[in-house]
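See structure below.
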Amino acid sequence: IAGSGKSIKGSFFNGDEKVTSTTGSFENGALILSFDEYGTKVEATFKDGRLDGQYSRGTRGAPYPFQAKRFAPAPVGDAPIPAIAGLWNVQVGKSSKGEAAWQLIVRQSGAEASAAILRVDGDTGTLTGTYRDGKFVLSHFSGARPLRLELTPGSDGTLSVVQNKDNPFIAVRADQARAKGLPQPSDPSRFTSVKDPTEPFRFSFPDLSGRVVSNTDEKFRGKVVIVSISGSWCPNCHDEAPFLGELYKKYRSRGL
C-alpha cells in the first residue's frame, strides 16, 4: 500500500508480477481499493495495526473476508533445507477434467521457493513462499481467487501437495514417474479439439459497443483470424493477452 487519502493505491504481488489498484481512498480508517480490470474491490477498516475487511468479487460470488497485518519475515531456523527444485508429476487419480496427473514446476533459492501447477485448463500462476516447520508454504492471489500450497518433502523423495485445505496428492519427480510407468499429465493440445477440422470456425458475437461481429465480415476476408475465448476475471487470460498483442503487432501487416 502506498500514498494517502484519495491518492492511495494498493498492489498484489505474485512473484515478479504486480497488479495495482485503479483507484483508492483511505479516510477515517476506511480503506477502499478498486481493481477495474478484475471488476473487484477491497474494502477494509484499519484498527490496532490491522486491516479487517473483504474482497468483493462483483457478480462472481460472495466476497472473501480477510484480516491482514504488516509483513514480517518468518524465521527459517537452523535445520537443513531440502532441495525440491525441478519438474514433478502430481498423481491426482482422476480430476474433474479427466486428468490422471498434473505437472508441477518448482524453482528454489535456499529457503525461498516458487512453483506452478500446469493442468489442461491452464496453470495456477506463480505461487511464492518459504520453507518453515518442515514444509514449503507457498501462496498467491490471482485477482479471482486465493490459493495456498503446502509442499512437504517425504523421506522417500516424494512430495505431499496440499491445495488450500484439500486432501493431499503425492508428487514424484518426473523422470522417476516415467521410469515407474505412472500416469503422465495430459497434453492440452490433444485434450480438446474441434469436431470437424475441415469446417471453418463460424462465430457471431456483439462487441463491447453492442455491434455484431461475424466471421463473414469483410474485414476478415482473406485474413488469418485468431479467435481467443477469455474473461477479464481470468488470470491465465491476463497472462495470455501480451503474447496475443505481440503476435498482432508482428503479423498484422501480413494479414493477421
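Source: prediction; values computed, not measured. Note: hydrogens, waters and symmetry copies are ignored here, and every other heavy atom, side chains too, is used.
Within the 4.5 Å cutoff, side-chain heavy atoms of Ser228 are placed close to those of Leu244. Counting heavy atoms from C-beta outward, Ile117 and Asp123 have side chains that stay 4.5 Å or more apart. In this structure the side chain of Leu247 reaches within 4.5 angstrom of the side chain of Ile226, judged on heavy atoms. Inter-residue side-chain proximity for Ser160 and Val162 is flagged as met; some heavy-atom pair is nearer than 4.5 Å. The side-chain heavy atoms of Phe205 and Val213, taken from C-beta on, include no pair separated by under 4.5 Å. Side-chain contact between Gln91 and Pro183 is present, with heavy atoms from C-beta onward closer than 4.5 Å. Proximity of Ser21 to Ser34: side-chain heavy atoms (C-beta onward) are nowhere separated by under 4.5 Å. A 4.5 Å side-chain heavy-atom check between Phe203 and Ile229 finds every atom pair outside the cut-off.
Contacts of Glu27 classified as side-chain contact (heavy atoms from CB on, under 4.5 Å), with partners at least two apart in sequence or in another chain: Lys6. The side chain to side chain donor-acceptor pair (under 3.5 Å) test applied to Asn167 returns no partner, not counting sequence neighbours. With sequence neighbours left out, the side chain to side chain donor-acceptor pair (under 3.5 Å) criterion links Ser155 to no other residue.
Looking only at distances, a side-chain donor or acceptor of Gln108 sits under 3.5 Å from a matching main-chain atom of Ile84. Remark: side-chain polar atoms of Glu99 are paired, donor with acceptor, to backbone N or O of Val120 under 3.5 angstrom. At distances below 3.5 Å, at least one donor-acceptor pair connects side-chain atoms of Asp156 with backbone N or O atoms of Thr158. Remark: the backbone N or O of Asp166 is not paired with any side-chain donor or acceptor of Asn164 at under 3.5 angstrom. A donor-acceptor pair under 3.5 Å is formed between the side chain of Arg57 and the backbone N or O of Ala62. Between the Gln103 side chain and the Ile105 main chain, no donor and acceptor come within less than 3.5 Å of each other.
At a cut-off of 3.5 Å, with distance as the only test, a side-chain donor of Ser204 or Ser214 sits close to an acceptor on the other residue. For Glu112 and Thr128, the side-chain atoms include no donor-acceptor pair closer than 3.5 Å. Glu37 and Thr22 are not linked by any side-chain donor-acceptor pair at a separation below 3.5 angstrom, with hydrogens and angles left out of the test.
In this structure, Arg50 pairs ionically with Asp52, as a charged nitrogen and a carboxylate oxygen lie closer than 4.0 Å. For Asp175 and Arg173, the salt-bridge test fails: no basic side-chain N is under 4.0 Å from an acidic carboxylate O.
With values rounded to the nearest 0.5 angstrom, Lys41 atom NZ is found 9.0 Å from Asp36 atom CG. Atom NZ of Lys47 sits about 9.0 Å away from atom OG1 of Thr45, to the nearest 0.5 Å. Rounded to the nearest 0.5 angstrom, Leu159 CG and Asn89 CG are separated by 11.5 Å. Between the CZ atom in Arg148 and the NE2 atom in His140 there is a gap of 13.5 Å [rounded to 0.5 Å]. Distance check, rounded to the nearest 0.5 Å: CZ of Phe66 to CD of Gln54 gives 8.5 Å. Taken to the nearest 0.5 Å, the OG atom of Ser253 stands 10.0 Å off from the OH atom of Tyr248.
The minimum heavy-atom distance between Pro153 and Gly134, with the atom names listed, is CD-O, 3.7 Å. In plain terms, the two heavy atoms of Ile81 and Gly110 that are nearest each other are CG2-O, 3.6 Å. What you find for Ser114 and Thr126 is that their closest heavy atoms are CB-CG2, 4.0 Å. Closest non-hydrogen pair, Ala115 versus Leu104, comes out as CB-CD1, 4.1 Å. Here the shortest heavy-atom pairing between Pro82 and Tyr131 reads CD-CZ, 3.5 Å. Here the shortest heavy-atom pairing between Phe35 and Val42 reads CE1-CG2, 4.0 Å.
Both Val161 and Leu127 belong to a single network of hydrophobic side chains, linked directly or stepwise wherever heavy atoms of I, L, V, M, F, W or Y lie under 4.5 Å apart. Val224 and Phe201 fall into different hydrophobic clusters, where Ile, Leu, Val, Met, Phe, Trp and Tyr are joined by side-chain heavy atoms under 4.5 Å apart, directly or via other members. Linking ILVMFWY residues whenever their side-chain heavy atoms come closer than 4.5 Å, directly or via other members, places Leu147 and Leu151 in the same cluster. Side-chain heavy atoms closer than 4.5 Å link hydrophobic residues (I, L, V, M, F, W, Y) into clusters, and following such links, possibly through other members, connects Leu51 to Leu33. Connection of Ile170 to Leu118 is not established within any shared hydrophobic cluster, with ILVMFWY side chains joined at heavy-atom distances below 4.5 Å, either directly or through further cluster members.
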TODO: Assess whether side-chain contact (heavy atoms from CB on, under 4.5 Å) is satisfied between Ile8 and Leu31, documenting all intermediate values.
DONE: CA-CA 9 Å; Ile8 201 166; Leu31 174 68; 4.2 Å; yes

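Under a cut-off of 6.0 angstrom, the local environment of OH in Tyr251 is sparse, with at most 12 non-hydrogen atoms contributed by other residues, nucleotides or ligands.
By the 30° and 60° cut-offs, the orientation of the rings of Phe26 relative to Phe46 is perpendicular.
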